[in-house]
Asks: 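The structure's right below; bear with me while I get my questions together.
These numbers come from the heavy atoms of this one structure, side chains and all, not from hydrogens, waters or symmetry mates. Proteins get letters first, then strands, A, B, ... in listed order; numbering begins at 1 in each. Because the structure is predicted, anything quoted here is derived from the model rather than measured.
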Amino acid sequence: MSLSHTGSVFRFIACSEIREILGKQAEDARALAELLEEVPLDSVYYHTHSYFLRHRFIERTYPNDFAEWVGEQVRDHILAERLSVVDPFDFKSLEALREELISIIDDHLSGLMSVPRAGFGTPFHFNRSRILEVPTGLETRTLREFRDAISEVDTSAIYFHVFEAHLRLQREENDFSAWIRTGLNLPSLADRIKALNPYLGSLERLRSNLLTMCDDELARSGRAETAGY
Amino acid sequence: MIRELEQYRDVAPKGTVELVYRLSELVQGKRFLHINAVRYGGGMAEILRRVIPVMKALGVDARWEVIAGTQEFGDVTRRIADGLQGRPETITDEMYQTYLGVTARNAKALDRDGKLDADLVFVHDPQPAALIEHRKGGKWVWRCHLDAGKPYRSVWSLFRRHVVKYDAAVFSLPEFSQRLPIPKFLIHPSIDPLTEKNRELSRAEIGQVLDHFGIARNKPILLQVASYDRFKDQLGTIRAYQMVKKHHDCRLVLAGGGVLHDPEGEAVLAELQKAVGKDPDVHLLQLPPEADREINALQRAATVVVQKALKEGFGVSVAEAMWKGKPVIGGTAGGVSAQIVDQATGFIVHSVEGAAFRIRHLLNNPGVVTRMGATAKEHVRRNFLITRHLCDYLTMLKLFCVE
């Protein structure tokens, strides 16, 4: 199909996060699990999903706050690695994600003689997110427009349409891949965007990957049009 | 296009200026009042001086009021501030009555002109905090810029009675807060990249400042900017420099204020001079509070910036140095470690030896200095610029006053 084809409109929504301090803190891995059990789900969200909203540029050693604290402050590298490998995209709900994290910590502690503590490190502070959706007014109808918008938009919009979409819609498809599939009728590009794992990198890396995929598709389509297909 | 906001377009991350425009549309006409004790001096006043005009231009009815005080009031509020930061202080009943009396006079003066009425009132730090007793309409938020994580108990119990009457409190770090029955929010301080302290400087401007202080540019410069105060541990930085000096020919510049009319500052400076001896490569500079351009130039001239304080507030000078593309070696106190991404924008160290080791590592690897400095600048661009602060304020306004 021609990429100048106008499909349905994609409207970009950005977001702004306000962080609320819950006043609960853990000094060791057991307290971390116990508090993880009782904090609101917004807090699980804050320390896993929206971790990426706060670390948009630099890719950290660990992909969530729990793993980072256990690795950097408690220095229990095995537990940190086990918590790192948890991919929030594998869970349909925050409750299921919470259960998995608690289960990993409990299982790890059951094999230890003593509970590792933060020692000289700082305690873990539980916070929670309040996310405000912000319509950007930016609308795209073609892949070219979409590509240009991705290159300019605040990374919180990329977060919203990829990370938030996963929880909001409880499906594997993110907003971008869904629109490209149904609005632009480009299933192969949609599949590639859907396959992107946002938890392995940063929002800027994700922006860069999206741009590369759009550029590849535009180049391929340009060659096809030149060849008269 | 709003000129006050557009000037940040080239320095803010992609899309952020647009986000500020869109956020402001959600809170058009809302009345947002800030109250504090000083119009000039301190990072908070610096940010408010810029944020208020931008918000006004964006259609938010933003205002900034400064309370008036007496010498006695200043003394009590200094004691309260020190007590909140853990220093043993006594607030007598007479002092407390002075605090309440001056607050009541301020409330009356502000209320006479209808200035206490707003949709959202941000009251900064302890000085004006008791104004909550005279609240009119709207939501009231106490913004604590201090590290109140380990307050002196009697001062906190006296002061807490005012704080709990607010609708919410805002702290710079979770560990700076106390148990409270009201919601507590987290907002990091920020820097303004366009002020004299942070704007781009030409080589000539940097050279002029170095010449003025007699600092030659023939060796790498290690820099610590901090007031002469024992908690800033300049002595530790000197020891780290002395360890490094055995392997690298470099200079150490310690720049700060806090000496004039302050016996403790004078004593600290005397100790440092003694520790330095006759080393011509160490420069102990005493800067006045308005030396923004000088600090800017020193940070830009430095190879590595050190912030090895033992006790610190948020320590936004770390972000200032990072904005100039410098790797920062910092301790774990206060907000220093919250700004440094260890091994990416600098190093977090726990000892004098750790600082010396990391300084040597950086001086041995100029490529790492360049790479870390560039990463540090991008990290600040995305996390510690005034544009992020604007987003935070506008989001708070929306969450508190529109929903």
Side-chain angles (χ1 to χ4, degrees), chain A residues 12-26 46 53-61 65 68 71-73 118-138 148-160 202-204 207-208 211, chain B residues 12-27 168-171 173-188 332 337-338 341-345 348 350 375-383 387-388 390-400 402-403:
Chain A
F12 281 84
I13 294 173
C15 61
S16 181
E17 180 188 51
I18 282 293
R19 311 165 194 186
E20 187 174 347
I21 302 166
L22 290 179
K24 295 178 188 297
Q25 60 182 63
Y46 177 95
L53 199 50
R54 295 187 297 281
H55 306 298
R56 301 181 189 199
F57 175 66
I58 298 173
E59 295 174 20
R60 304 295 180 108
T61 311
D65 283 331
E68 183 171 293
E72 302 287 342
Q73 305 299 328
F120 291 110
T122 53
F124 185 90
H125 295 272
F126 281 90
N127 300 326
R128 74 172 168 190
S129 283
R130 293 200 189 184
I131 297 281
L132 175 67
E133 293 179 23
V134 187
T136 64
L138 198 57
D148 292 345
I150 287 286
S151 77
E152 290 302 321
V153 78
D154 185 76
T155 45
S156 70
I158 296 175
Y159 174 86
F160 183 83
S202 64
L203 287 176
E204 285 297 350
R207 186 207 299 267
S208 171
L211 287 174
Chain B
K14 271 183 188 175
T16 300
V17 165
E18 299 306 329
L19 182 64
V20 173
Y21 278 120
R22 300 289 87 80
L23 272 166
S24 70
E25 287 167 7
L26 304 176
V27 289
V170 173
F171 295 89
L173 287 173
E175 50 267 46
F176 286 5
S177 69
Q178 280 295 303
R179 185 189 298 277
L180 287 168
I182 55 174
K184 296 180 291 183
F185 294 93
L186 174 63
I187 294 182
H188 290 327
T332 54
S337 58
V341 182
D342 194 26
Q343 311 205 32
T345 68
I348 295 169
H350 306 82
T375 307
K377 181 163 187 173
E378 289 310 308
H379 182 57
V380 172
R381 191 190 306 283
R382 284 161 175 81
N383 295 286
T387 40
R388 189 231 72 222
L390 266 167
C391 289
D392 290 339
Y393 277 152
L394 294 169
T395 305
M396 289 287 278
L397 190 54
K398 169 81 169 104
L399 289 175
F400 272 89
V402 181
E403 286 187 336

Asks: Given a strict heavy-atom distance threshold of 4.5 Å, which part of Ser156(A) is in contact with chain B: side chain, backbone, both, or neither?
Replies: side chain

Asks: Given that the side chain runs from C-beta out, which part of Thr375(B) has a heavy atom under 4.5 Å from chain A: side chain, backbone, both or neither?
Replies: both

Asks: Which one wins on heavy-atom pair count under 4.5 Å against chain B: Ser16(A), Gly121(A), Gly23(A)?
Replies: Ser16(A)

Asks: Identify which part of Thr345(B) has an atom lying under 4.5 Å from any heavy atom of chain A, answering side chain, backbone, both or neither.
Replies: side chain

Asks: Indicate the atoms forming the closest heavy-atom contact of Leu26(B) with Glu133(A), along with that distance.
Replies: CD1-O, 4.3 Å

Asks: Specify the closest pair of heavy atoms between Ile21(A) and Phe171(B), including all atoms of both residues, with the distance to one decimal.
Replies: CD1-CB, 4.2 Å

Asks: Please rank Cys15(A), Pro123(A), Ser151(A), Gly137(A) by heavy-atom pairs under 4.5 Å with chain B and give me the top one.
Replies: Ser151(A)

Asks: Rounded to the nearest 0.5 Å, how far does OG1 of Thr122(A) lie from CG of Leu173(B)?
Replies: 10.0 Å

Asks: Tell me, side chain or backbone of Glu18(B) under 4.5 Å from chain A's heavy atoms, or both, or neither?
Replies: neither

Asks: Heavy-atom pairs under 4.5 Å with chain B: which of Val153(A), Asn127(A), Thr136(A) has the most?
Replies: Thr136(A)

Asks: Tell me, side chain or backbone of Arg382(B) under 4.5 Å from chain A's heavy atoms, or both, or neither?
Replies: side chain

Asks: Which bit of Gln25(A) comes within less than 4.5 Å of chain B, counting heavy atoms only: side chain, backbone, both or neither?
Replies: neither

Asks: Please report the interatomic distance CG(Leu132(A)) to OG1(Thr395(B)), rounded to the nearest 0.5 Å.
Replies: 5.5 Å

Asks: Are Arg207(A) and Lys14(B) close enough that some pair of their side-chain heavy atoms sits under 4.5 Å apart?
Replies: yes

Asks: Need one label for Pro174(B): side chain, backbone, both or neither, based on atoms under 4.5 Å from any heavy atom in chain A.
Replies: both

Asks: Which distance, rounded to the nearest 0.5 Å, do you find between the CD1 of Ile348(B) and the CD of Glu72(A)?
Replies: 8.0 Å

Asks: Quick check: closest heavy atoms across Arg54(A) and Asn383(B), and the distance to 0.1 Å?
Replies: O-OD1, 3.4 Å

Asks: Do you know the tightest heavy-atom contact between Pro135(A) and Arg22(B)?
Replies: O-CD, 3.4 Å

Asks: Within this structure, what is the CD1-CG distance for the pair Ile18(A) and Asp392(B), rounded to the nearest 0.5 Å?
Replies: 5.0 Å

Asks: Can you measure from CZ (Arg128(A)) to CG (Leu186(B)) and round to the nearest 0.5 angstrom?
Replies: 14.0 Å

Asks: Sort Glu175(B) into side chain, backbone, both or neither according to what part of it lies under 4.5 angstrom from a heavy atom of chain A.
Replies: both

Asks: Just verifying a value: how many Å separate Ser177(B) OG and His125(A) NE2, rounded to the nearest 0.5 Å?
Replies: 7.5 Å

